[in-house]
J.: 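If you scroll down you'll find the structure; I have some questions about it.
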Amino acid sequence: MADSLIYALGAFVFLQLFYYLFFFTRLAFYGKGANYANTRPGVTVLVCAWNEKENLMELLPLLDAQDYPEFEVILLDDRSDDGSEEFIRGNIQNWKHIRYIRINDQFDHVTPKKYALTVGMKQARFPIALMTDADCRPSTNHWITAMTSRVSEEKDIVLGFSPYERQGGLLNWFIRCETFYAAVQYLSFTLAGITYMGVGRNILYKTKVFFANKGFYTHRHIFGGDDDIFLNEVANGSNTTISIEEDSFVYSKPKTTWGDWYRQKQRHLAVSRFYKTRNKILLGLLSGSHVAAWVIGLIILVLGLLTKDILLLQTLGIVFGVRWTVQWFLLLLINMKLDNTVEWFGFLLMDFALFMYYLIFGFLTFTKRKPRRSWN
């Protein structure tokens, strides 16, 4: 039995190492050095908002102050009743680049945010669309420049990174860990030519890509997916790239209660079933091998302690030691590129926390109820 467990552990750890060495090394050793002197096409920044007055009071001046030769910001206000309209109309003359579109209609055949984004795309004056959310904040006034610096004739889509603000508490720590590891995956997979998602808080694509795909038509009725399902449809091995310049980061405000975070993750995970089969297999093997390695490792640990089998415990230590060494080294390099989102000394604890996360949400996937509908 012990031998079988060791072989099984070795197989799952080998699979984990394959992902780290074949995929994650691409991001770990990815060069920044974007050329800000590249030709700068006109850009339309799209911001959808529903009852976000407080956030808009902070965000709009930051967007208006972006240092970029030709751009506009279209604020798509979806039926807000918190005073957003009054605030914007009362201040819009003070902003040079802000355009305001009030959306008063709602339709059964399309979700509100996708309808708002579609309206924004049709109203865009420029060939490049750059999306963010009302609760986000660009790190510098060179955000647009950093994101467009990766656009070329071949590259129609640019995925950015959107870390959550650092706050105190266990929940904030775990949100940062999960966001960091998700970014490691989708950015690394994109560099390998297998784009499966981005984050709507910081994503750019040419408007021609949107219209060639008929926008969100195939998933217009699904809540969520304006970033990941859409990318599953339009991204390929040659038209998508990433931007991880510090200027390109967009910070977002994290959830502050476990209940709010859980409902957010339910919505995000609910749309993953619409991914391409290849993407679901790749992600399933990555998270499945993570869980399996920990489960088998814990069984071997208990068995070794009960039987006082020193050789078994030493073998367990060697296998996990190799896994953790490779993991720590590559995640350390990536973490430095992604604004040190997670404390480096917490990587091993993060590894266990993600194991529990995959285990719990994997169980809930089979016992789930339909997630509550939400605007975004």
J.: Please check this pair: side chain of E72 against backbone of R125, looking for a donor-acceptor N/O pair closer than 3.5 Å.
T.: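 Yes, because the side chain of E72 sits within donor-acceptor range (under 3.5 Å) of the backbone of R125.
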J.: For side-chain contact (heavy atoms from CB on, under 4.5 Å), just list the numbers for L359 and W294, CA-CA rounded to whole Å, side-chain angles, deciding distance to a tenth of an Å, and then say yes or no.
T.: CA-CA 10 Å; L359 189 66; W294 267 100; over 6 Å; no
J.: Between S243 and A146, which heavy-atom pair has the shortest distance, and what is it?
T.: OG-O, 3.3 Å
J.: State yes or no: do V342 and L348 share one hydrophobic cluster built from I, L, V, M, F, W and Y residues joined by side-chain heavy-atom distances below 4.5 Å, directly or via other members?
T.: yes
J.: Are R166 and D339 within salt-bridge range, i.e. N to O under 4.0 Å?
T.: no
J.: Name the orientation class of the two ring planes belonging to F320 and W324 (parallel below 30°, tilted from 30 to 60°, perpendicular beyond 60°).
T.: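 Perpendicular, since the angle between the ring planes exceeds 60°.
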J.: Could you report the tightest heavy-atom contact between G297 and L316, atom names first, then the distance?
T.: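 It is O-CD2, 3.6 Å.
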J.: May I ask you to decide whether E245 forms a salt bridge with R150, counting only side-chain N to carboxylate O separations under 4.0 Å?
T.: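 Looking at E245 and R150, the cut-off is met.
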J.: Check L312 against A2 and note the closest heavy-atom contact, atom names and distance.
T.: CD1-CB, 4.1 Å
J.: How about F352 and F355: are their ring centroids closer than 6.0 Å?
T.: yes
J.: Should D135 and K253 count as an ion pair when the cut-off is N to O under 4.0 Å?
T.: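 No.
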J.: Measuring only between side-chain heavy atoms, which start at C-beta, is E178 closer than 4.5 Å to K265?
T.: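 SC-SC contact between E178 and K265 confirmed.
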J.: For D156 and K206, run salt bridge (charged side-chain N to carboxylate O under 4.0 Å, His left out): C-alpha distance rounded to whole Å, both residues' side-chain angles, the deciding distance at 0.1 Å, then the answer.
T.: CA-CA 6 Å; D156 299 328; K206 297 176 182 177; 2.9 Å; yes
J.: Between F249 and F161, how do the two ring planes meet: parallel, tilted or perpendicular, split at 30° and 60°?
T.: perpendicular
J.: Are the aromatic rings of Y20 and W328 close, with centres under 6.0 Å apart?
T.: no
J.: Is any side-chain heavy atom of L231 less than 4.5 Å from a side-chain heavy atom of I203?
T.: yes
J.: When clusters are formed by joining ILVMFWY residues with side-chain heavy atoms under 4.5 Å apart, either directly or through shared neighbours, do V302 and V319 land in the same one?
T.: no
J.: Given the rule in the side-chain contact (heavy atoms from CB on, under 4.5 Å) test, do W143 and T132 qualify, once you have shown the distances and angles that lead to the verdict?
T.: CA-CA 11 Å; W143 170 54; T132 192; 3.9 Å; yes
J.: Verify the cluster assignment for F14 and L282: are they in a single hydrophobic cluster under the rule of side-chain heavy atoms below 4.5 Å apart?
T.: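 No, F14 does not connect to L282 through the hydrophobic network.
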J.: Go through the steps to decide whether F216 and F230 satisfy the test ring pair (Phe, Tyr, Trp, His ring centres under 6.0 Å), and finish with yes or no.
T.: CA-CA 7 Å; F216 307 122; F230 178 76; 5.5 Å; yes
J.: Tell me whether D81 contacts the main-chain N or O of N51 through its side chain, where contact means a donor paired with an acceptor under 3.5 Å.
T.: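 Judged by distance alone, no pair lies under 3.5 Å.
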J.: Is it true that L311 and Y7 fall in one hydrophobic cluster, defined by side-chain heavy atoms closer than 4.5 Å?
T.: no
J.: Heavy atoms, side chains only, cut-off 4.5 Å: are I88 and R102 in contact?
T.: no
J.: What I'd like to find out is whether the side chain of T179 reaches to under 4.5 Å of the side chain of P163, using heavy atoms alone.
T.: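 No; the side chains remain at least 4.5 Å from each other.
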J.: Consider side chain to side chain contact (heavy atoms under 4.5 Å, CB included). Of D64, I144, I74, which one does V45 pass it with?
T.: I144
J.: Does Y68 reach the side chain of T148, with side-chain heavy atoms less than 4.5 Å apart?
T.: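 Of all side-chain heavy-atom pairs linking T148 with Y68, at least one is under 4.5 Å.
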J.: Would you call L56 and L60 a side-chain contact if the rule is heavy atoms closer than 4.5 Å?
T.: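 L56 reaches L60 side chain to side chain.
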J.: Ignoring hydrogens, what is the shortest heavy-atom contact between I244 and L27? Give both atom names and the distance.
T.: CD1-CD1, 4.1 Å
J.: Is there a donor-acceptor contact under 3.5 Å linking the side chains of Q185 and Y181?
T.: no
J.: Please name the pair of heavy atoms, one in L17 and one in R323, separated by the smallest distance, quoted to 0.1 Å.
T.: CD2-CA, 4.1 Å
J.: Check the orientation of H290 and Y358. Use parallel for under 30°, tilted for 30 to 60°, and perpendicular for over 60°.
T.: perpendicular
J.: Evaluate side-chain contact (heavy atoms from CB on, under 4.5 Å) for V234 paired with Y205, printing each intermediate quantity in order.
T.: CA-CA 10 Å; V234 303; Y205 46 82; over 6 Å; no
J.: Determine whether more than 12 heavy atoms belonging to other residues, nucleotides or ligands lie under 6.0 Å from atom CZ of F211.
T.: yes
J.: Any donor-acceptor pair under 3.5 Å linking the side chain of N202 with the backbone of G160?
T.: no
J.: Does NZ or CZ of R278 lie under 6.0 Å from the centre of the six-membered ring of Y275, at an angle within 45° of the ring axis?
T.: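 Not satisfied by the 6.0 Å and 45° rule.
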J.: Indicate, with yes or no, if L46 and L62 share a hydrophobic cluster defined by side-chain heavy-atom contacts under 4.5 Å among Ile, Leu, Val, Met, Phe, Trp and Tyr.
T.: no
J.: Do R137 and E165 meet the salt-bridge criterion of a basic N to acidic O distance under 4.0 Å?
T.: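 The answer is no: the pair does not qualify as a salt bridge.
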J.: Measure from the ring center of Y262 to the ring center of F361 and say whether it is less than 6.0 Å.
T.: yes
J.: If only atom types and distance count, is the side chain of K276 paired as donor or acceptor with the main-chain N or O of N232 below 3.5 Å?
T.: yes
J.: Check whether any side-chain heavy atom of T44 lies under 4.5 Å from a side-chain heavy atom of T207, and answer yes or no.
T.: no
J.: Show the nearest heavy-atom pair for residues D105 and D78, with the distance to one decimal.
T.: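 The pair with the smallest heavy-atom distance is O-OD1, 4.3 Å.
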J.: Should M350 and F180 count as side-chain neighbours, where that means a heavy-atom distance under 4.5 Å?
T.: yes
J.: Let's go through Y19 and F24 carefully: what are the C-alpha distance in whole Å and the side-chain angles of both, what is the deciding distance for ring pair (Phe, Tyr, Trp, His ring centres under 6.0 Å) to 0.1 Å, and is it a yes or a no?
T.: CA-CA 7 Å; Y19 277 90; F24 297 172; 7.0 Å; no
